[in-house]
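Just so we're clear, the structure is a prediction, and the values are computed from it rather than from any experiment. First listed ligand is number 1; within each ligand, the first listed atom is number 1.
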Amino acid sequence: MELSNKRIERRDFFAQRQQVLRTWHTGKDVEDFELGVTYQRAIPQAKRFSTALRKADLAGKTLLQPRAGVALVPEHIKLLTFLEDSCDVLPTTIDAYTRLNRYEEAASGIARSEEAGTSLLNGFPAVNHGLAGCRRVVEALSKPVQVRHGTPDARLLAEITLAAGFTAYEGGGISYNVPYAKKVPLEQSIRHWQYCDRLVGLFEEEGLRIDREPFGPLSGTLVPPFVSHCVALIEGLLALEQGAKCLTLGYGQAGNLMQDVAAIRSLRELAHEYFQQSGHEDYQLNTVFHQWMGGFPTNESGAHAVICWGAAMAAMSGATKVIVKTPHEASGVPTKEANKQGLDATTQILNMVRDQHPPSGPALEREVELIKREVRAVMAKVFELGKGDVAVGAVRAFEAGVMDIPFAPAACNAGKLLPVRDNEGAVRIFEPGRVPLPDDVLAYHRERIEERARAENRAPSFQMVVDDIYAISKSMLIGRPR
Ligand code: 5AD
């Protein structure tokens with residue numbers, strides 16, 4: 001079957017499902033799809049992710065979510081119950097072996113962790129723990145739990161965790177491939193994620209809402225809003241086509257106030273525009289703001305400051321949810337105490353900012369319009385390349401360098417687009433590569449970069465880009481020469 005943005009036929013899905021469930025022995029526990037449906041049906045509303053999102057949206061509130069995952073079930077439960085009181089919705093962050101479908105190595109990581117009495121994996125190996133282990137986790141908690149990972153082929157993980165009662169699933173065929181993998185063909189990861197979305201669609205057909213969240217921040221390194229918006233829109237369209245109905249589109253903080261507020265607003269507006277243009281009416285749309293995803297200061301006070309600026313932007317932008325960093329970000333997997341510190345700092349800021357009017361005015365409108373024009377230019381080319389099919393268009397757009405994610409490792413990514421900050425720290429386009437932005441838009445980016453170059457008394461160069469990449473970890477937003 002050729003790649004296309006068409007709903008996978010039931011028969012084809014269940015044929016593929018048999019293969020998927022055979023890839024690791026825990027797959028057999030979820031063979032009967034109806035058991036997962038029955039289990040999901042019994043989950044109280046208070047533990048449904050989509051319900052929490054909807055309530056937050058109506059109340060104009062931003063939900064708080066940490067990242068967290070360790071190797072063993074009892075320790076993972078301890079970790080999440082410790083964090084539960086300090087946040088609104090919970091994660092289960094999956095370990096790196098599971099993300100690469102290396103279940104043998106995950107198994108040995110579990111065994112070694114048991115021996116050592118501490119987690120030797122960087123997340124929770126949900127596939128190895130299987131249906132029973134995952135259900136123990138979900139049942140021990142009173143808040144909704146999402147699977148968060150970075151897996152190009154997440155089919156078995158989806159089967160096990162959704163049957164186990166997780167009510168939200170992160171990832172997408174582009175966003176969990178291009179920034180995460182080197183050699184996985186894009187067409188393959190898109191197909192594998194169409195499967196995950198179809199699975200979610202089957203739950204939706206039973207009246208069971210599962211939130212689907214494309215991974216917004218991508219490489220987390222100076223990603224211009226239009227780049228991540230295009231990925232979010234495409235993955236949203238692909239998910240809707242397979243029957244998903246609750247989408248949470250993401251964006252990673254860039255650091256400039258106007259740009260970050262404009263990014264969340266434009267993301268929401270563009271999503272409605274593109275989804276409705278494609279004939280989708282019946283869906284729930286949410287947004288998620290990720291606190292700074294690039295390099296963090298090692299000094300914990302500095303890290304707290306970065307966290308708080310992100311919290312302020314999340315609140316001002318009106319995102320439905322914020323994903324929180326910790327003061328241990330620069331050093332690795334955080335302790336549960338550090339994790340709670342990030343949550344508490346974020347809560348303080350959210351509470352202080354919540355009732356204030358967000359920034360508005362011509363500067364904001366200009367930024368919103370700029371992002372929209374950039375997205376429309378790229379999306380038009382994606383549809384053109386795919387002759388109307390967004391799945392085909394996405395693959396061809398990456399081949400052609402029309403879609404280009406800065407600093408992403410995938411071989412299918414051109415890596416020709418170079419971003420750099422302007423004199424106020426907004427991320428601008430230094431080198432567009434083959435991304436088809438309108439001439440006047442490119443001229444505007446050049447002007448803003450020239451303004452910075454004059455202020456710094458140096459020519460725009462790759463050195464400037466490098467300086468920006470390290471700036472925040474060195475306590476600055478803009479990588480100025482010292
Ligand atoms: N627990 C907590 N945070 C984690 N991250 C990755 N794995 C874990 C884990 N097991 C965080 C990283 C980074 C982000 C991408 O996810 O620290 O902030």
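- A cation-pi arrangement, defined by a distance under 6.0 Å to the six-membered ring centre and an angle within 45 degrees of its axis, is present between Arg135 and Tyr39.
- Aromatic pair His272/Tyr283: centroids less than 6.0 angstrom apart.
- Listed by chain and number, residues touching ligand 1 at under 4.0 Å (heavy atoms only) are Arg67, Ala68, Gly69, Thr93, Asn122, Gly123, Met293, Lys325, Glu329, Val333, Pro334.
- Note on ring orientation: taking the six-membered ring where Trp is involved, the planes of Tyr176 and His149 are perpendicular (angle over 60°, cut-offs 30° and 60°).
- Using a 4.0 Å cut-off between charged side-chain N and carboxylate O, Glu84 and Lys143 make no salt bridge.
- Looking only at side-chain heavy atoms (C-beta outward), Asp260 and Tyr251 come within less than 4.5 Å of each other.
- Using the six-membered ring where Trp is involved, Phe124 and His76 have ring planes that are parallel, under 30° apart on the 30 and 60° scheme.
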